Each structure stands twice: as structure tokens, then as C-alpha cells.
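Taking it in order: structure first as C-alpha cells, then the write-up.
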Amino acid sequence: MEYNFRDIEKKWQKEWTDTKAYQVSNNSTKPKYYVLDMFPYPSGAGLHVGHPLGYIASDIVSRFKRLKGFNVLHPMGYDAFGLPAEQYALEHGVHPAKSTAQNIDNFRKQLDNIGFSYDWDREVRTCDADYYQWTQWIFLQLFNSFYDRNQQKAVSIQELIKSFEQEGNIKHVCPGNPTLQFTAAAWKAFSEKEQQDILMDYRLAFCGYGEVNWCEALGTVLANDEVVNGVSERGGHPVVKKKLRQWYLRITEYADRLLSGLDTIEFSEAMKEMQTNWIGKSSGAEISFKLQAAGYKQEQSSLQPEASSLELLVYTTRPDTIFGVDFMVVAPEHELIEKITTAEQKEAVDAYITYVKSRSDRERQAEKKITGCFTGAYAINPFDGREIPVWISEYVLAGYGTGAIMAVPCGDERDFKFAKHFNIPITNIIGDAFDGTDANATKDAVLSNSGFLNGTKMRDAIEVVITKLEEMGIGKRKVNYKMRDAAFSRQRYWGEPFPIVWQDGIAYPLDEKELPLLLPDVESYGPGPDGEGPLANLNDWKNTTYKGKPAVRETNTMPGYAGSSWYFLRYMDPNNEQTFCEKKVSDYWNQVDLYIGGTEHAVGHLLYSRMWTKALYDLGYIGFDEPFRKLLNQGMIQGSSRFVYRKKGTQTFISSSLKQGVEVDELHVDVNIVDGVELDIEAFKKWRNGEYANAEFILEEGKYICGVEVEKMSKSKFNTVNPDTLVEKFGADTFRMYEMFLGPVDQSKPWDTKGIEGVHRFLKKLWRLFFDENKGKIWTDEQPTAGELKVLHRTIKKIDDDTERYSFNTAVSSFMICVNELSDLNCHKKQILQDVLILLTPYAPHIAAELWKQLGNEGSVLDASFPVFNASYVTETSKEYPISINGKTRTNISIALDATEEQVKEIVLANELVQKWMEGKPLKKLIFVKGKMINVVI
RNA sequence: GCCCUGGUGGUGGAACUGGUAGACACGCAGGACUUAAAAUCCUGUUCGCCGAAAAAGCGAGUGCGGGUUCGAUUCCCGCCUGGGGCACCA
């Protein structure tokens, strides 16, 4: 009997579907385990071999935990709203709902092929109304809450209103407008509009104004990756920054908890570092500098009360360097620029601002060329009265700190280069620590040229200066975050509509009973007027009433991360019509025990979902405030592209190593018609509907050899490999094991199909332990030998350990070693083989199930119990010690493991080879690491 | 530019906490079985030197240059280089 994987896999997949083998109950006495994959976006291109890497890993863990007696939740669904479907609709007129559903069907078929253990009864799609109803509901909870800094948690906005009515906002600093202060009486006297505007500055989901990529020619807002080098990707039209009304989530209020929460979860150090850096907490001081218009000496400034009443507020982490400030730099968006620019500089400043408007934040920061423009204005150093020129430069971003910095060229590299470039004199405040050719960012130098700070260590001066600034009333201690509030609206169609109506400039939330607010159909997916999204074109939908008076609906939609910020909760209770997830159920499943996905979500999705979880926890809807207990990052599978070389202007293709000196076009060729690097010429001639049917070839040794390059896997590079074809050719079990065998799951690597046969051979070899081509069944009920038990138990230990630490590639190797050794031992004993099958079930479930059944077992191997390791079968009494002379291994000596150091020394020094290498020199030292090695030092 | 991460034979990778570098595979070479092929099995395979070959031996070797250590793929410093992210792709 042969290993007929196609029949076996089909049979068991049907069996498992029919018996609902993967259905999970919310009621179980078993301990729970929740394994989750990051939501896929169902793109039209379908799955390529890169996608299932993480899914296979999570499937192995799920099945492994099940064998170990856990009730395992392992769901899958689709992050189905998004830009590509809308773009496709724009180009082809197909409704996004339709193309999305088709893509999902396609994804599902491909996933089913691989034999995953998902409980499909729990599938969710973010674009389904019974899902996004709850996304809208959570939005309303955020809208109706504020962050109470005293309690450090989200609280209902009703509590805030009560507080305002009793004591004004004295207890609650306004996060959207920190200088705002009012009394209870003032609050009561405000109009409704005024009250609502104030509340908006407190809400966790709030409306404000923000800059977007605006393309006048297309009349629409563009996503960052639709903008290339300052022009639109489609059409190449100019793109500028434009301010539009936007919704935001006040994630900055959670900054500290998002930071401290990292200590309670198992993310990689790299991931925690990235999130920490993104949040970017720093402490320093805000300092207010008096400004003086150009051309006026200090004594004259009193004649210019207007100019000198203006102040420039900067944020710095290094107030100790205040005597080293040689110039100021403000962001080109800074509102003071208009007021302080002198007539002589006006033209230059305007030109510079126009230039900056066309550039993205990324370009601005990455720019190596130093650019900037002097405003003509001067700030006054409050300690020594020095005049400090105020410059504008793109490297200062409006959104960070106060949008203005004090530049200290002797201590900051970028300031230093700026000063050199514009010939601004540099003041040295750190003596020898500054060499005049490079800035030195030390905190340990002793200050000089620094007035009252002279002789103070910089590190200590920070406190001294802050205290002084506070005494003088011109500055204060300040904690700052790089993180900004999260933009939460898109001028797009294919997303969740906001459950908000506008009346008289006030945003009113819909009643929860009115949810879901359905996404209406539109005729065209093009932009609405004034930068609004497509929904703005639907007058019938847009115009509505609120409390009997005319009102308009919010026409923005929510961004992609809305639905994906809480989906892990919906899986727990996917069909609940009363609530997003019953508390009792989320108490049982609790946190996701293992979350698997790529590092590309490090700071976006992972921070947003952490914030939503904290807010839902604060409001009492769930009982934990971190969604993911443990995160495993999967590496990206890259494509390994193949190239053919066409002699310019001909149909002649030249083999890779013969192309030197010939002018050729380098063309991507489909990797699926290349065997290793050898082109399948016949397949090539048929490729692309026979475009190359008449091609001629210049071969080397009778073969056409292709060029190779590692790139992102993408359809346009013809380097995608579809899992379907591999499953068809080798089977799902082989495919699963090969993906794992490729290397550590968390490392990026190029895909190469070449090695898959080795894994396939392994499964065939395993099969031959059970069946012989001629004799059929060959397993026996004989008692295993000590040698066979040793192989088995070594494997149990290795598979258990490796799976537990997600080292799936080494686990696959261990299976190979185990089968190789059992084959060498001619072992066909049921007692041994049966346990091997259980070990293998998470990795290759189909073949394991088939052989398990063949052995005559009742019940499913999915619910077998994981073999228990018995150390007594594998204990050794002696060890082949490597013997090094001065660190170089020269020989091996077998020594009993319980030998004492004295005995070991005697044995080693008596050895002939050791003596030869010692060349009669005296022994300096003998290093003996028990069970590891011995080093003779002479 | 900033943050994170990787670099080991012809190839994917192994070496888990500083202790025999190259497990396990792919590929390649040689052989067995076969009329032949497929499948399967066996042997060899880091590089260089020595040698007819085999065996044995010697030297070098984990991106590059330094350092710490009896001992470094592993720790430290500097550099080169591939990948991911940088707030509207998901």
C-alpha cells in the first residue's frame, strides 16, 4: 500500500468537517488556550506561500495544546474593509462587497486545502453589518467617555458633566485645550454649542482638524502609499497638505498605561522597544522665549511693545544647554511665522513654506540636504539677554512638542550641521568635550560659558535650570510624548459609517438602538465635494433629522484598524445579538494566549487594539486590559525572482553567464516555470499566451540558466508561489512541514520550492515503517527494545521542547532523525510508532490520523494524549568528551559521567595524543565542564 | 534621516545559558537494484595544503576590523550590508 496523500487528506478533511471536529465550546472544565492569527486582508491576489507560514505555526500550537488537554480557541476571519477593494471598484465598477466576498471565498478554499483546525462557525468579517454594528457601538462608548487623569481610566462623559456643574473644570485639565479654565457658573452659562465644543476636547473619540494628502486634480485625499515623490501615484498630479475635519482617538491619554502595560505581556524585546520608541516618552522643559523683531537693539525693544509681547514656546529635553542656544528652529507650519517674519525675509519665507508643503513628513526627516530660512526675528535668551535668530526648517515637525526647538549646535548633530551650513556662530559650553568638528551629546561634561551654571555637571544642571525657569515663571517641567492622537476617519466609502449626525455644528451620537447604521450603496465611488468622501454624494442618505429638525450624517468612514482593534473579542461570542461579547464569555477565554503575526503591525494595529482593550476594561465591559498575553512574530517570506535576458531589440534570450558584454533587457520570468535556475524552455514559449513562442535561445551546456534576485513576493514580479499547486503535488502534510522546515518561524527568508521533496520523502519513509510495498502491513505487537525506547523518548522530549518554544524547524528535523533511526533499527513496533503518530499530529494531521486509524485505534488522534517523556530510557553513563589543547579540539575520550575532576585529569593527561600535543610543556590549568568538554591549557 | 532586525558550506538552516561549527534537508558526485526509467537504498560532500587514491595529518573558517576569555557563531566596541516600520496599504 502506497502513501496516497491526496485520498487520505481529502478523506480526513471531510471527516473532520462532518464531525465538527474543530468546534469549540465556551463551556468546558478543561483549561482554556486561545491561539490567534492576525486577521488577513482578503486581497484579490489570493494566498501565496508567505501567508500560511504563521497560520501553520498557530495550527501546530493549537493542535499541540489540544493533545495536552486544553480547550483551544482557534478562530479565523477577515479584515474585510479597506482601500484595495475600493480602488478595484473605482476601476472596474464592481461593488466592494461583491469583490470582497469573492476574495474571501477564494481565501477560504485555499486555507481549507492546508488542513487548518479553525472553528469556522466563529468566522467574523469586519464588513458584515452584524459585526460593524459593534464596532460602531464601541466607537459610541469612546465618544461618550473621557480619560479621568485622577483615576487614570476612561470614565463616562456624564460624570464629567456632573463635575463641571458642581465645580467647573478645576479637577479635570482639558486634554484638547490645556489652558482652558471655567467655573461651575460659567459652565451653566455656556450655550449648548459652547458646552459641546468643550466636551469634544475631552472625549476619547473626538473631532478636530488635521492635515491630509490633498490632490486637487483628483479632488480627493490620498493614502501615503498612493503618493510617490510628492505626486499622486495615479496620474502624477501634485499633492499638497490640506487641513480637513477629522475624527481622532485620544490614544495619547493612554500613553503611560500603554508603556507600563508592556511589562505585563510577553512581546519580544524588539517589539517592546519599537512601541516604546513610538510612544516616545521624554521629560524636559517647556521654555518660553521673548521675541524681538529684527533690527532693534535690546534697549529699543521697549518701543515695540507688540513685538516683544510675543513669545516662542519651545520644548527641550536638555534645558541644561540653555546657554549654548545659538538659534531657534520652528516648524514651517508654526503659527508665529506670519507674525514675526520681517518684510525683508517675507519673500524667502513664503517660498520656503511652499516648498515644504509639497513634502511628506518622511521626506522631511530623511532629507540629507540641509534646508531652512531665516525669519528675520530674534528671541531673547532669558538668562544672558543674547539675541537668538529664529529660523524655519523642515526637520522640525509641527506635531511634536511645541513645533519649535532651541538649537544647541555644540551638543546636537543636526543643529551642528545646520549651524555650519548657514554660518551661524557656535557657542561652546562644554569645553574640551567639544572639538569643533562634531557635536557631542554628552550629559557628563562640565558646563562653561554658562553663566550661573559654570562648573556644574550637565546631568545635574537639568534640574537646576528647570527649577530656575519655574521660579521665573517662564518655563515648566514637562513630560512629552512623540505619539500623536490617532486619526480615525477616512474620506472613503468602504469602511464603517460613523453613528453620528451633525446639527448646528454639534455632533450628536445615534442611539444604540439605531445601530447598525448601514453603509448605503453608492452609484460611484468617486470623491464627494470639498474633500469629503463618496458618502457625501448621497443626499437622501446624508440628509436626516435629529430631534425633529434637519441634520446631516457624518460622511467620513472609519479606518481599517477600527474593525481589527477588537475582533479577538468577537471570536469568543461571535453570534451574540445582544452585546459585542458577553462578559461571562470573555471572562472564560480571557486574553489571547498566543498571537501570531508579522512585525509590520508593530506600532499600528498592536497599539490600537491595546488601547481599545484598556478602554473597554475601564468601562467595565471586559475583565482584562491587555489583549495579547504573548506575541510571536512571523518572518516575511520573500520571493526569489528569476530573470531572463533578452538581447536588445530581438527575440533572442541569452543564458545568464553568457550575457556579459551584450546589451540585454532583464525580464522577470515566472518562477513556476523555472526548475532551480534552469528555465523550462517549452513552458516559457507557452507563457503569457505565447508571447515568446518564437523566442530563440543561446544556451550554456544545453541549458538556459536564469538570473536570481531576492525581492518582495508579488504578482508583478512573477515570483509568487501558490500553495494550491504545492498541496496538489505533494499534499498538505508535506506543505505544512516544509513551510516549518524552511527555518525559524520568526525570521524572514526567501522561498525556494526546491527542498520540499526532502520533506515529502520523510513522510514516505514514515509510511514505510507501517506498510511494505509487497507485504502490506508490517507493524507488530512486539515489545520495544531499549534502543527503540531511547529513540522514542529522545524524540518526545525534543518535540515537546521545540514546539513549546516555537522552534518548529528543529522539530521537523527531529522527526526526520527519529524516522531515520527507527528505519535503521528496523523498528515496526506498534507501541513505538503509535506514540510517534501522536507527536506528529500537530505537524502532519492527515497522515497521522490515517495511520492511527490503520493501527486499529478507536477515537480520533486529535484527542489522543501527548506521550509522557520518561528520562530513564535516555540516560547515558558515559560521554565522548572533546579534548581541547589550548582551545583547539584535538581528540575525543569517552569518560564516565560520574567521574571526578581528579579522575578526569588523570585519564586525559595519560592520553597519548594529549601528551603529543603538550610537547612536554607543563600543564597550566585544566578546564573541565562536566558533560560538556575538557580543555587542557599549557 | 530615525527605530527595529538579520548576515554561518553551492543552497535552506543547526549549534537552546560562552564549551566538538556545519545537525537535518536540498543540490551535486559515485555506486546498488532495474532491460531501462521512476521509486528506493548505500557512500562522499566547508575551504585550502599534503597525497595516484584511500586513510591519516596540518592550516584557515560563522559579513569586515578590533577587544574580553582557558575557550566566542554566542559577550563588548567600530564598520559594511539585506529586510521591516515611520502614523491614510493592511
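Here is the naming used below: chain letters follow the sequence lines, and residue numbers restart at 1 for every chain. Below, all heavy atoms of this structure are taken into account, side chains as well, without hydrogens, waters or symmetry copies. Predicted model, so just to flag it, every value in this text is computed and none were measured.
- Note on Trp494(A): nothing from the nucleic acid sits closer than 4.0 angstrom, heavy atoms only.
- In this structure, Asn809(A) reaches the A14(B) phosphate: one of its side-chain N or O atoms is under 4.0 Å from OP1 or OP2.
- Of the two residues near RNA chain B, Asp802(A) and Lys888(A), the one whose nearest nucleotide lies more 5' is Asp802(A).
- Across every non-hydrogen atom of Ser564(A) and Ser609(A), the tightest pair is O-CB, 4.4 Å.
- For the P atom pair drawn from A21(B) and U46(B), the interatomic distance equals 14 Å after rounding to whole Å.
- The CG-P distance, from Asn935(A) to G19(B), rounds to 13 Å in whole Å.
- Across all strands shown, Ile927(A) has heavy atoms under 4.0 Å from base atoms, whether or not it also approaches the sugar-phosphate.
- Nucleotides U11(B) and G63(B) have their P atoms positioned 13 Å apart, rounded to a whole Å.
- At whole-Å resolution of the value, OH in Tyr843(A) and C1' in A25(B) are 16 Å apart.
- Counting any heavy atom pair closer than 4.0 Å across all strands shown, Glu757(A) reaches no nucleic acid atom.
- For the pair Arg768(A) and A39(B), the criterion of a side-chain N or O lying under 4.0 Å from OP1 or OP2 is not met.
- Looking at heavy-atom distances under 4.0 Å, Gly560(A) makes no contact with the nucleic acid at all.
- Rounded to whole Å, atom P of C33(B) lies 18 Å from atom CD of Glu773(A).
- Atom-to-atom, CG of Asp79(A) to C1' of C88(B) comes out at 14 Å; the value is rounded to the nearest Å.
- Look at Arg805(A) and you won't find any side-chain N or O under 4.0 angstrom from OP1 or OP2 of C16(B).
- Counting only heavy atoms from C-beta on, Glu273(A) has its side chain closest to C3(B) among A25(B), A21(B), C3(B).
- Side chain of Val937(A), nearest nucleotide from G19(B), C70(B), C58(B): C70(B).
- Heavy-atom distances to RNA chain B give each of Lys879(A) and Asp485(A) a nearest nucleotide, and the one nearer the 5′ end belongs to Lys879(A).
- Of the listed nucleotides (C70(B), G84(B), C88(B)), G84(B) has the atom at the smallest distance from the side chain of Met274(A).
- Heavy atoms of His601(A) sit under 4.0 angstrom from at least one base atom.
- Judged by distance alone with a 3.5 Å cut-off, a donor-acceptor contact links the side chain of Gln491(A) to the base of C88(B).
- As the counterpart of C58(B), G48(B) is assigned, both hydrogen-bonding distances of the Watson-Crick or G-U wobble pattern falling under 3.5 Å.
- Closest approach to the Pro744(A) side chain among C88(B), A14(B), G27(B) is made by A14(B) (side chain taken as heavy atoms from C-beta onward).
- Closest to the Asn892(A) side chain, of the nucleotides A14(B), C86(B), U20(B), is U20(B).
- The partner of U69(B) is absent, by the rule that a Watson-Crick or G-U pair needs both atom distances under 3.5 Å.
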Q | Steps toward salt bridge (charged side-chain N to carboxylate O under 4.0 Å, His left out) verdict (Arg359(A), Glu394(A)) | A | CA-CA 9 Å; Arg359(A) 293 169 61 81; Glu394(A) 59 178 333; 2.8 Å; yes
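- Formation of a donor-acceptor pair under 3.5 Å by the Lys924(A) side chain with backbone atoms of Pro922(A) is not found in this model.
- Asp801(A) and Lys797(A) are joined by a salt bridge, as a carboxylate oxygen and a charged side-chain nitrogen come within less than 4.0 angstrom of each other.
- At whole-Å resolution of the value, CD in Gln638(A) and P in G13(B) are 10 Å apart.
- When atom types are taken as modelled, the side chain of Asn213(A) and the backbone of Leu222(A) share a donor-acceptor pair closer than 3.5 angstrom.
- If you check every strand for non-hydrogen atoms under 4.0 Å, Val221(A) touches a base.
- Listed nucleotides G1(B), C4(B), C88(B) differ in distance to Ala270(A); the shortest reach to its side chain belongs to C4(B).
- Distance noted for atom C1' between G13(B) and C4(B): 23 Å (whole Å).
- Using a 4.0 Å cut-off between charged side-chain N and carboxylate O, Glu333(A) and Arg364(A) make a salt bridge.
- Using Watson-Crick or G-U wobble geometry with both donor-acceptor distances under 3.5 Å, A38(B) finds no partner in any strand shown.
- With a cut-off of 3.5 Å on both pairing distances, the Watson-Crick or G-U wobble partner of A29(B) is U43(B).
- Nucleotide G78(B) forms a pair with C64(B), judged by Watson-Crick or G-U wobble geometry with both contacts under 3.5 Å.
- Nearest to the side-chain atoms of Arg761(A) among the listed nucleotides A14(B), G27(B), C89(B) stands G27(B).
- Residue Lys272(A) is classed as having no contact, given no heavy-atom separation below 4.0 Å to the nucleic acid.
- Base engagement by Gln246(A) is indicated by at least one non-hydrogen atom pair under 4.0 Å involving a base atom.
- Rounded to whole Å, the separation between the C1' atoms of G59(B) and U69(B) comes to 23 Å.
- With respect to Trp566(A), the ring pair (Phe, Tyr, Trp, His ring centres under 6.0 Å) criterion is satisfied by exactly one of Tyr561(A), Phe39(A), Tyr131(A): Tyr131(A).
- At a threshold of 4.0 Å, the pair Arg245(A)-Glu554(A) counts as salt-bridged, since one of the basic side-chain nitrogens sits closer than that to a carboxylate oxygen.
- If you measure from atom CD of Gln747(A) to atom P of U73(B), you get 18 Å, rounded to the nearest angstrom.
- The side chain of Lys765(A) lies closest to C41(B), out of C88(B), C41(B), G85(B).
- Partner assigned to A23(B) is none, using Watson-Crick or G-U wobble distances below 3.5 angstrom.
- Put simply, the side chain of Ser748(A) gets close to the backbone of Met636(A): a donor and an acceptor are under 3.5 Å apart.
- Rounded to an integer number of Å, the gap from Phe741(A) CZ to C26(B) C1' is 8 Å.
- Within the 4.0 angstrom heavy-atom criterion, base atoms lie near Val212(A).
- A salt bridge links Glu226(A) with Arg492(A): the distance from a Lys NZ or Arg NE/NH1/NH2 to an Asp or Glu carboxylate oxygen falls below 4.0 Å.
- Base-pair partner of C86(B): G1(B) (Watson-Crick or G-U wobble, both distances under 3.5 Å).
- Taking the O4'-C1'-N9-C4 or O4'-C1'-N1-C2 dihedral as appropriate, G27(B) has a value more than 90° from 0 and is therefore anti.
- For the C1' atoms, the distance from A53(B) to U43(B) is 16 Å, rounded to whole Å.
- Going from the P atom of G12(B) to that of G27(B) covers 15 Å, rounded to whole Å.
- One atom, CH2 of Trp214(A), and another, P of C88(B), lie 17 Å apart when rounded to the nearest Å.
- G19(B) and U73(B): their C1' atoms are spaced 13 Å apart (whole Å).
- Checked against A87(B), G84(B), G19(B), the side chain of Lys932(A) finds its nearest nucleotide in G19(B).
- Here Arg362(A) does not reach the OP1 or OP2 of C88(B): none of its side-chain N or O atoms lies under 4.0 Å away.
- Nearest to the side-chain atoms of Lys925(A) among the listed nucleotides C70(B), U40(B), C24(B) stands C70(B).
- The same atom, P, is picked in A15(B) and in G84(B); the two are 26 Å apart, to the nearest Å.
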